[in-house]
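Predicted model, so just to flag it, every value in this text is computed and none were measured. These numbers come from the heavy atoms of this one structure, side chains and all, not from hydrogens, waters or symmetry mates. Just so we're on the same page: letters track the sequence lines, and every chain starts at 1.
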There are 2 protein chains.
Amino acid sequence: MASPLAVNWEEELLTEGLSERARRAGAVYTGPGAGGVTQQRTQIELTGGVPDPVCLPIDDLIVASESVLRRDGHDALQYGGAQGFKGLRDWLADHWTKIEGMPLTAENFSLTGGSAHALANVCETLLDAGDTVIAEGPSFPGSLRTIRSLGATIEQATLDADGLDVDALEGQLADLDRRGVRPKLLYTIPTYHNPTGATMRLDRRHRLIELCQRYGVVILEDDAYGEIGFEGAPPPSLYALARGRGVIKIGTFSKILATGLRVGWVQASRPVIDALVAMRFDMGTSPLVLRTIARYAEDGRLDDHIRDLCEFYGRKRDLMENELRERCASFLTWSSPAGGFFLWLKLNPNVDTERLVAASQKEGVAFVMGRRFFAQPRDDDPNYIRLAYSNVSEDKIPEGIRRLGRALEAAARPE
Amino acid sequence: MASPLAVNWEEELLTEGLSERARRAGAVYTGPGAGGVTQQRTQIELTGGVPDPVCLPIDDLIVASESVLRRDGHDALQYGGAQGFKGLRDWLADHWTKIEGMPLTAENFSLTGGSAHALANVCETLLDAGDTVIAEGPSFPGSLRTIRSLGATIEQATLDADGLDVDALEGQLADLDRRGVRPKLLYTIPTYHNPTGATMRLDRRHRLIELCQRYGVVILEDDAYGEIGFEGAPPPSLYALARGRGVIKIGTFSKILATGLRVGWVQASRPVIDALVAMRFDMGTSPLVLRTIARYAEDGRLDDHIRDLCEFYGRKRDLMENELRERCASFLTWSSPAGGFFLWLKLNPNVDTERLVAASQKEGVAFVMGRRFFAQPRDDDPNYIRLAYSNVSEDKIPEGIRRLGRALEAAARPE
């Protein structure tokens, strides 16, 4: 018999009517008057993996956007196709052909709403509930959430200062194989990892590709930070080493330009790109924004900007590490990252994390607790915190680390 | 036993490894060298439901975008949250409070990548494989594709010049109920329908709401064209008539401003909006674009622009209808739309559609065949074609219809 629309229809819809994916993603009924969580505004935030506002090339983007609207306004303001503006894909092809040392064309790229959307597009195209995905632990929680929302099981791979532990992975793959499980994807951030800052060593990259090819696992390479290096070029990408075979790579303009543009990309062989484009339900990313980036990037301006960023963020990393060595060294250890936005600090066993959280709030310094980055946190894991040196202004770094130092002192158990 | 990465790994991945959703969406392996379909460039296109380029307020958008970058560049170029820039949601709340005659706030809106993305967001949040959705036949194929991609079954509701046939719907709902099927959603475009141009009569709107409430079906109201009216205000929206109860409404800046901005929205009660925002995997739509629209819209400029558009497109509709009456009246019939972008022409039985396609290509005029708009096309359906007067320039309309007239003559079977 028909059941009429309930008086509390939203509650019914959002408790009984949510899709499985929505349940897994954490969409819930919050009640008619539910408020958001009130965020305490701390004074110094070492949280966000976003560019320093002083690096945003605002004047250049004003010029680029006006030029696009004036010269190509009609095209910029109409549908531009699901794969995205070819001019920007041409720029990417050119740019990455040089870096990867292999020929790439506009057909190897599709443009997305940031790399989060790129990852969602890949996962929606390839994953069904019950599939298995291998991902590093720790890893970027946003990606883990998307993978989980599709009902895939995440098998956590371990990681050290040289990137994914390929010996452990070999055992894990053999074990999965014995259980009849063939993972669909291996998701990795090999270069300037989020949150650890680690860069996978070249020999491990070769070995990882060999293992994934042996077990028939496609690699999903997240290269969000790969261009922000402080010590020369990182090892070649997995994509380059495998000549694109069995590797899908995602990238973004968020870190090298601005997160607010919401533009990223997928780099893959053409049949894969075609399938990903066929899975778009949004009629493409804004041609106005894509053309503005292309106009800005032409004539080498974005390349110059990236060079400046590497110098700038390298200096901020050094500054934060110096302060940490001076003020916090007795409470934690870390490996220095060769690029990216983050320091991943392992707390000594004498630091009480609950007291650290309270003391940091009191001191006015914010960072992210390490547990958030693990798909399968274990109680006997060491405790970590992630500091971002990217977004905080240079002049606040010393005071931020002083506050962290005081908070650590307050949170340390007597020996 | 492990099966290593195949030599033709893309083929294996894209034939055996695609997600169910990707299969349903039509993502397929196209081969290493597969090319796209070559489109014949016809001279006069009456195909696209997109604004006339002369209506794009390019100069105003240059001013707005420069002002946003100069005054609020840091905020515009950084993450702005998944629900989207509050200033634009405030504008929408204000704008729709006046139209709907009920109080709405920024919490009733979330901003998306066009209404296609808004619809995908709603459907991903609510639909699982096996669910049933009622949709008008004909309807917008992009929406039907998204619904189908999720594995939902579409039950086709019939439609006439006064909108959805609620008598037939009542029988359909009773029949589904007898079979134990409770549809999750009823998807409708009640105002200036795509493709038919029909506007649902007020009494039918009341009746539709009553039926959906009785059978516990949530209404998904697509209002892409509702502001482009030529004969005064349309009847109140389903959302307004139901005071938001059991109705989720989607809208877009594509038709009233520009498709290339890729910005639309969902309007719903707050718990529904919260759940939809929790289902975003893309970290939000570009704050730069959202703020540019808000800056442009403030001070009533977008309201004025919409008023101008109504007059402009009304004139184009009149022009196209006059030409049709003069040159094509013996081959087809239609109901005049009170708004929107389209004419939906029912071909007389003496017109051979295959010959019409061939003759139109020869004459150099393009339009969309009606069958594309039906979820369940039936062989005994009458044949329709959809003409868009929105995108074609005014001065080409007479020649376009002359060509259509000649094509119809060539395609007519002797009586």
Legend entry - Heavy-atom proximity to chain B below 4.5 Å, by part of A:L14: side chain
Inset, instruction - Name the region of A:V272, side chain, backbone, both or neither, that has any atom closer than 4.5 Å to a heavy atom of chain B. - result: both
Legend entry - Heavy-atom side-chain proximity of B:R21 to A:L150 below 4.5 angstrom: no
Legend entry - Pair A:D128-B:S19, side chain to side chain contact (heavy atoms under 4.5 Å, CB included): steps then yes or no: CA-CA 5 Å; A:D128 279 318; B:S19 71; 3.6 Å; yes
Legend entry - Under 4.5 Å from a heavy atom of chain A, the part of B:E12 involved: side chain
Inset, instruction - Find the one option among A:G26, A:A6, A:G113 whose heavy-atom pairs under 4.5 Å with chain B are most numerous. - result: A:A6
Inset, instruction - Under 4.5 Å, counting heavy-atom pairs only, tell me which of A:R178, A:E124, A:R23 racks up the most with chain B. - result: A:E124
Inset, instruction - Indicate the atoms forming the closest heavy-atom contact of A:Y79 with B:T259, along with that distance. - result: N-OG1, 3.0 Å
Legend entry - Validation row: B:F281, A:C123 side chains within 4.5 angstrom (heavy atoms): no
Legend entry - Heavy-atom side-chain contact between B:L56 and A:H74 under 4.5 Å: yes
Legend entry - Where B:I58 and A:G73 come nearest, the two heavy atoms and their spacing: CD1-CA, 3.7 Å
Inset, instruction - Determine the option with the most heavy-atom pairs under 4.5 angstrom with chain A, choosing from B:G114, B:A120, B:G284. - result: B:G284
Legend entry - Interface moiety of A:E107 toward chain B, non-hydrogen atoms closer than 4.5 Å: neither
Legend entry - Residue among A:V217, A:V218, A:V289 with most heavy-atom pairs under 4.5 Å to chain B: A:V218
Legend entry - When A:R214, A:R291, A:H117 are compared by non-hydrogen pairs under 4.5 Å with chain B, the top option: A:R214
Inset, instruction - Calculate, to the nearest 0.5 Å, the distance between atoms CG and CG belonging to B:L288 and A:L288 respectively. - result: 7.5 Å
Inset, instruction - Could you look at B:S65 and say if it's the side chain, the backbone, both or neither that has a heavy atom under 4.5 Å from chain A? - result: side chain
Inset, instruction - Check whether B:A76 gets within reach of chain A through its side chain, its backbone, both or neither, counting any heavy atom under 4.5 Å. - result: backbone
Inset, instruction - Write down the atom of A:W9, the atom of B:G244, and the distance for their closest heavy-atom approach. - result: CZ2-O, 3.2 Å
Legend entry - Interchain contact, B:T112 with chain A, by part (heavy-atom threshold 4.5 Å): neither
Legend entry - Most chain B-contacting option - heavy-atom pairs closer than 4.5 Å, from A:A268, A:A116, A:G246: A:G246
Legend entry - Close side-chain approach of A:D282 to B:D282, heavy-atom, < 4.5 Å: no
Inset, instruction - Answer yes or no: is there an ion pair linking A:R182 with B:E16, defined by an N-O contact shorter than 4.0 Å? - result: no
Legend entry - Contact leader toward chain B among A:L69, A:V263, A:V277, A:D75, where contacts are heavy-atom pairs under 4.5 Å: A:L69
Legend entry - CG on A:L77 to CZ on B:R262, rounded to 0.5 Å: 12.0 Å
Inset, instruction - Check each atom of A:N391 against the heavy atoms of chain B and say whether the ones under 4.5 Å are side chain, backbone, both or neither. - result: side chain
Legend entry - Options B:R145, B:E11, B:R70, B:E66, ranked by heavy-atom pairs under 4.5 Å with chain A, top entry: B:R145
Legend entry - B:P53 and A:Q78, any side-chain heavy atoms less than 4.5 Å apart: yes
